[in-house]
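Chain letters run A, B, ... following the sequence lines, proteins first, then strands; residues in each count from 1. Here the structure is a predicted model, which means the values were calculated and not measured.
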Number of protein chains: 2
Amino acid sequence: MLKISPRKPVDQQLERKDILDTARELFVSEGYRGVSMRLIASSLKVSHGAIYYHFKNKASLFYAIVTEGFLSLDKELENTMAMELNNETKLREVFIAYMKFGINYSNYYEIMFLIKDDELNTLIHQEPNQSYENFAKAVYQLCDPQKVNLQRIWSIFLSLHGFVTHYIKSGQSFDEIEGLVNSHADFLIKSLEL
Amino acid sequence: MLKISPRKPVDQQLERKDILDTARELFVSEGYRGVSMRLIASSLKVSHGAIYYHFKNKASLFYAIVTEGFLSLDKELENTMAMELNNETKLREVFIAYMKFGINYSNYYEIMFLIKDDELNTLIHQEPNQSYENFAKAVYQLCDPQKVNLQRIWSIFLSLHGFVTHYIKSGQSFDEIEGLVNSHADFLIKSLEL
DNA sequence: AACTTAACTGACCACTGGTTAATTAAAGGG
DNA sequence: CCCTTTAATTAACCAGTGGTCAGTTAAGTT
């Protein structure tokens, strides 16, 4: 019979933050589906059941990580909006920043907007809408109200979404497709008839 | 010891077509990830190992089904191009048909353009490009060459792709979003400045 | 000290895709 | 017809997944 010594001394106890840090690190390189609870546990040198004391399930664990993604995307938008540029150039930069975020943080983007997983999607239901609203407000602010309405902004968003979705699938780096990024941004700017 | 009687009489032998028919039926309602080899086998009342005599692996089995999806999409495009309509209206119908296909055959669309699966993606590498080329040719044919280039057509395609991707995720029916379909089609038509 | 709670382990479950030795029917050849 | 080879299938196996839980020990409380 193997000796089981489950509860560890206080200074060795697994903390929620340790789990999150390890999961995040693995997630960034392997994606949601590429990271198993067992992989996280073995990286932490604990049994995989120990994770379930701290998190209800895999979706809950990764929900904490995905909210970081939404914060990052919002921060990118904020930073772009704070640039000293004329409206049209700034708008173009907003589009480019969105595409750049999606490609550079593809595993985040996937879990934020693409993955169909019942448990995960139950948890993530407000954040994508909020993220879109922030985007829409920014775009509306930079446009002439006579030239743009909500439907058009929504179409712009879907076009950006399509760009990111396609290139996440194809796996190319941002540097490889920068020309295409610029071209798509130009297409969308032109569609607004500014 | 249970009696094993593996090879069945000729008239009861499992045929490749039977597997494909059952897999397709399950796939249409449950999607690629929702259908296991064991589910297909139990539906056919055979052992799941029997499928591997006929198909190398799950990806190969479903590759046969996904090619049907590409054929269907091409057929939709063809049918739309055969309509007696002026160029702009026909172009708009092409866009609508694409979005309609994606929403109505969402599990096909997912496996054709969205799913990241190494084995499946090894098999499916020409078809999406071919499908896009057919689309691009049709669009180019309906447009004024002075007003459109390959980059713009590509952006149109990505915009349609984004629309479908988003609404596949949200799970709404075509009827529920028909207004949005029309609105997005109008956005794209207007972007061409016809 | 005794009791309760917290934190964890190892084994379990059901499920997944894929593999393989054994088994039987079918096909081929003498 | 008989024997051999090939085809088609099964049941058991493997390794992996997310999740569960009785048992064990440390920590906390009285």
At 4.0 Å (heavy atoms only), tell me whether B/E15 reaches a base, stays on the sugar-phosphate, or touches nothing. nothing
Nearest to the side chain of A/S47, which nucleotide is it out of C/dT9, D/dG19, C/dA7? C/dT9
Expressed in angstrom and rounded to an integer, what is the separation of A/Y53 atom OH from C/dA6 atom C1'? 4 Å
Nearest-nucleotide pick for B/V10, side chain only, options being C/dA26, D/dG19, C/dC8: C/dA26
B/D11 atom CG is separated from C/dA27 atom P, nearest whole Å, by 11 Å
Think A/S36 has a side-chain N or O under 4.0 angstrom from the OP1 or OP2 of D/dT17? yes
So which one's nearest nucleotide on DNA chain C is more toward 5', B/R7 or A/Q12? A/Q12
If the cut-off is 4.0 Å, is A/K8 near the phosphate of C/dT9, judged by side-chain N/O to OP1 or OP2? yes
Taking 4.0 Å as the cut-off, does a side-chain nitrogen or oxygen of B/H54 come that near to OP1 or OP2 on D/dA7? no
Taken to the nearest 0.5 Å, the spacing of B/L142 CG from B/R92 CZ works out to 14.0 Å
Quick check: on DNA chain C, is the nucleotide nearest B/P9 upstream (toward 5') of the one nearest A/H48, or the reverse? Name the residue that is more 5'. A/H48
note: B/I19, atom CD1; D/dT9, atom P; distance rounded to Å ~ 8 Å
Whole-Å distance between D/dA7 P and B/I51 CD1? 20 Å
DNA chain D nearest-nucleotide lookup for B/L14 and A/A50: closer to the 5′ end is B/L14
For residues B/F62 and B/I111, report the shortest heavy-atom separation together with the two atoms involved. CB-CD1, 4.0 Å
Provide, to the nearest angstrom, the distance between the CE atom belonging to B/M37 and the P atom belonging to D/dT9. 14 Å
Out of A/F113, A/F157, A/W154, which residue meets the ring-ring contact (aromatic ring centres under 6.0 Å, His included) rule with B/H166? A/W154
Whole Å only: how far is the CG atom of B/L39 from the P atom of C/dA14? 18 Å
Spacing between B/N57 atom CG and C/dG18 atom P, to the nearest angstrom: 5 Å
Once hydrogens and angles are ignored, does a donor-acceptor distance under 3.5 Å link the base of D/dG16 to the side chain of A/R38? no
Under 6.0 Å from the ring centre and within 45 degrees of the ring axis: does the NZ or CZ of A/K56 meet both conditions for the six-membered ring of A/Y63? no
Rounded to the Å, how far apart are B/D117 CG and D/dT17 C1'? 15 Å
Winner on side-chain proximity to A/P6, out of C/dC8, C/dG17, D/dT9, is C/dC8
Is B/T165 reaching over with its side chain to a backbone N or O of B/G162, donor-acceptor style, under 3.5 angstrom? no
